[in-house]
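Before any comments, here is the structure.
These numbers come from a predicted model, not from an experiment.
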There are 2 protein chains.
Amino acid sequence: MSKCDQCIIRQFNSLKALGKDDLIRISGCKTSRFVQKGETLFREGESINGIFCIKDGVCKLTKLSANGKDQIVKLVVRGDLIGQRSLVSDEKSNLTAVAINDMEVCFIPKSEILHDLAKNASFSLDMLQDMAKELRVADNIIVDMAQKSVKQRLADVLIYLHETFDKDNDGFLTVVLSREDYASLVGTATESAIRILSQFKKEGLISTTGKHVKIEDLEGLRRIE
Amino acid sequence: MSKCDQCIIRQFNSLKALGKDDLIRISGCKTSRFVQKGETLFREGESINGIFCIKDGVCKLTKLSANGKDQIVKLVVRGDLIGQRSLVSDEKSNLTAVAINDMEVCFIPKSEILHDLAKNASFSLDMLQDMAKELRVADNIIVDMAQKSVKQRLADVLIYLHETFDKDNDGFLTVVLSREDYASLVGTATESAIRILSQFKKEGLISTTGKHVKIEDLEGLRRIE
DNA sequence: TTATACCTATGACAAATGTCATAAAACTAC
DNA sequence: GTAGTTTTATGACATTTGTCATAGGTATAA
């Protein structure tokens with residue numbers, strides 16, 4: 001089993017604030033797990049009792065809305081932690097996590113993390129900063145949802161994907177989302193997402209092959225209004 | 001000048017986690033301030049360099065959207081703290097704060113709070129929990145913005161106001177918002193908000209006199225879809 | 001490979017929401 | 001109180017978005 005203190009992933013999240021001895025202690029009780037594409041990591045309403053550290057892959061955090069549709073609240077990528085909120089507020093998860101890729105995740109039980117939160121001020125400050133950042137992003141999403149058109153939001157998502165994820169040799173995004181996922185990210189009907197993506201394709205802003213998407217004209221997407 | 005350790009307001013926020021000696025130290029450097037209705041506490045992009053504790057009154061936190069409209073992200077009430085995010089992430093404010101009522105606020109400079117964050121684990125844990133809660137609320141708002149109709153969102157806002165704020169002798173809400181504020185809270189055009197409020201009035205769900213609103217049929221509002 | 005299920009695409013239409021114009025009401029300053 | 005200004009109200013219409021139906025593609029497993 002790999003050790004946390006030798007894991008480069010932790011450089012990308014709050015775990016970097018921990019010292020070597022803490023990391024070794026955590027190594028001893030963490031579990032590692034492979035999650036297949038489409039598999040559910042945890043569901044809304046479940047107690048997670050720990051945090052997940054994403055070693056590889058991508059997953060979507062969704063929330064069931066009043067009308068029965070799942071809405072994607074956030075994409076979580078390699079290096080991110082999930083479950084901090086439920087951990088510190090000692091509540092059940094408000095979100096469902098589903099793998100979009102094959103993933104590799106580590107799970108650190110609650111007690112270990114709480115131990116560090118209570119003892120290590122720089123660790124809890126780091127986590128506080130992380131949450132502050134998430135909150136700022138959430139504020140931006142709220143405003144965008146309220147004020148931007150579906151077309152703009154979809155363009156934003158494409159720009160975000162382009163800036164966040166790798167491309168293959170032909171320039172296609174390595175994250176492959178269904179049209180339903182795109183719809184769920186921007187909060188619209190699947191048909192609307194399909195229609196707008198078709199339009200973007202016609203306008204030469206993107207190209208698609210099946211579910212694979214390539215951004216052809218980033219500046220054009222930025223100009224969408 | 002009143003002392004923090006004798007202030008009941010702190011029971012409602014993270015400051016309750018501080019001990020008497022810390023509170024007395026803070027008392028010594030805090031400032032107290034009256035803010036008139038309509039006055040701006042701080043603007044998006046400014047450095048706040050501390051946190052505000054709302055002793056009395058209500059204010060709106062808004063964010064300028066790409067299309068130039070102000071969107072209300074949150075209402076902040078008596079007992080709430082503002083500025084924690086910018087404080088811990090050491091960034092300029094991402095929101096503008098404008099008083100909706102006459103307010104009384106205390107301002108605690110950054111250095112004092114950081115001192116406590118670094119030293120007092122239960123204080124920083126409390127603040128962490130507070131932010132976790134805000135984040136959960138933000139997730140809910142994102143989903144609502146994406147999935148609910150304007151009418152539903154406006155009904156939600158009315159229910160929220162009814163549950164959060166006091167009523168006068170005739171049952172009217174003591175918070176008085178302009179139609180523009182209502183529109184900005186749900187993310188719609190002012191005319192749309194006016195139209196829907198008129199409709200609610202016709203249906204007997206609310207009654208209005210000028211800007212004053214009274215919820216007449218809470219259950220009816222909950223049934224809106 | 002083929003059958004099957006699922007996903008994508010598109011048209012037609014309905015419903016929701018935004019925009020512009022204008023009038024009435026409410027608020028403010030004098 | 002009155003004049004002037006802002007806010008609220010409402011109609012008419014344009015635009016956006018959602019819904020339903022249906023057809024064609026694509027992936028997957030036996």
Side-chain angles (χ1 to χ4, degrees), chain A residues 36-39 65-71 98 100-102 144-158 172 175-203 206-214 224-225, chain B residues 36-39 65-71 98 100 144-158 172 175-203 206-214 224-225:
Chain A
Q36 281 196 320
K37 175 184 171 179
E39 216 179 308
S65 71
N67 66 25
K69 276 191 195 168
D70 269 323
Q71 163 81 22
V98 176
I100 283 185
N101 276 335
D102 289 346
D144 287 352
M145 283 286 180
Q147 306 274 359
K148 291 188 177 177
S149 68
V150 173
K151 198 190 288 183
Q152 276 179 298
R153 276 159 23 217
L154 192 44
D156 285 348
V157 163
L158 290 167
F172 283 82
V175 245
V176 177
L177 301 175
S178 69
R179 301 294 194 261
E180 196 181 355
D181 284 333
Y182 279 102
S184 174
L185 268 167
V186 301
T188 190
T190 307
E191 295 94 323
S192 296
I194 289 173
R195 238 179 272 273
I196 294 170
L197 286 174
S198 296
Q199 191 192 338
F200 284 171
K201 197 173 169 179
K202 273 178 199 146
E203 293 170 351
I206 62 172
S207 53
T208 66
T209 318
K211 298 193 174 186
H212 295 261
V213 173
K214 177 179 179 182
I224 290 289
E225 60 176 27
Chain B
Q36 281 196 320
K37 176 183 170 181
E39 217 179 306
S65 71
N67 66 26
K69 278 191 194 168
D70 268 323
Q71 163 81 22
V98 176
I100 283 185
D144 287 352
M145 283 286 180
Q147 306 275 359
K148 290 189 177 177
S149 68
V150 173
K151 198 190 288 183
Q152 277 179 297
R153 270 146 44 205
L154 193 45
D156 286 348
V157 163
L158 290 167
F172 282 82
V175 245
V176 177
L177 301 175
S178 69
R179 301 293 194 263
E180 196 180 355
D181 284 333
Y182 280 103
S184 174
L185 268 168
V186 302
T188 190
T190 307
E191 295 95 321
S192 297
I194 290 174
R195 239 179 270 273
I196 294 170
L197 286 174
S198 297
Q199 191 192 337
F200 285 171
K201 199 173 169 179
K202 274 181 198 143
E203 294 170 351
I206 63 173
S207 54
T208 66
T209 319
K211 296 192 175 186
H212 295 262
V213 173
K214 177 180 179 182
I224 290 291
E225 62 174 25

Subject >> Any residue meeting side-chain hydrogen bond (donor to acceptor under 3.5 Å, both in side chains) with Lys201(B), in chain and number order, not counting sequence neighbours >> reply: Thr208(B)
Original post:
Rounded to whole angstroms, how far apart are CD on Gln152(A) and P on dT16(D)?
Top reply: 11 Å
**OP:** Take the protein atom CD1 of Ile206(B) and the nucleotide atom C1' of dA9(D), then report the distance between them rounded to whole Å.
**Re:** 13 Å
Original post:
With a 4.5 Å limit on heavy-atom distance, are the side chains of Tyr182(A) and Thr188(A) in contact?
Top reply: no
Subject >> Atom-to-atom span, CD of Glu225(B) to P of dG18(D) - whole angstrom >> reply: 17 Å
**OP:** Please report the shortest heavy-atom distance between Ala193(A) and Leu154(A), naming the atom on each side.
**Re:** O-CD2, 3.9 Å
**OP:** List the atom of Lys37(B), the atom of Ile100(B), and the distance in Å for their closest heavy-atom pair.
**Re:** CG-O, 3.3 Å
Original post:
Do NZ/NE/NH1/NH2 and the carboxylate oxygens of Arg153(B) and Asp144(B) come within less than 4.0 Å?
Top reply: no
Original post:
Closest heavy-atom contact between Ala189(B) and Lys69(B)?
Top reply: CA-NZ, 4.2 Å
**OP:** In whole angstrom, give the distance that lies between atom CD of Gln147(A) and atom C1' of dT16(D).
**Re:** 15 Å
Subject >> Contact letters for nucleotides 4-13 of chain C, in which S counts primed atoms plus P, OP1 and OP2 and B counts the base, heavy atoms under 4.0 Å >> reply: ---SSBBBB-
**OP:** Have a look at the helix from dT1(C)-dA30(D) to dC30(C)-dG1(D) and give the angle its two end axes make, five pairs each, rounded to 10 degrees.
**Re:** 60°
**OP:** Report the distance from atom CE of Met145(B) to atom C1' of dT17(D), rounded to the nearest whole Å.
**Re:** 17 Å
Subject >> Minimum heavy-atom distance between Leu185(B) and Gln71(B), given as atom pair plus value >> reply: O-NE2, 3.9 Å
Original post:
With a 4.5 Å heavy-atom cut-off, do Val213(B) and Phe172(B) have their side chains touching?
Top reply: no
Original post:
What is the minimum heavy-atom distance between Thr190(B) and Ala183(B), and which atoms define it?
Top reply: CA-CB, 3.6 Å
**OP:** Can you tell me the distance, in whole Å, between the CG atom of Asp181(B) and the C1' atom of dT6(D)?
**Re:** 14 Å
Subject >> Nearest-angstrom distance from the residue atom NE2 of His212(A) to P of dG25(D) >> reply: 19 Å
Original post:
OP1 or OP2 of dG18(D) sitting under 4.0 Å from any side-chain N/O of Ser192(A)?
Top reply: yes
Original post:
Rounded to whole angstrom units, what separation is found between the NZ atom of Lys69(B) and the C1' atom of dT19(C)?
Top reply: 10 Å
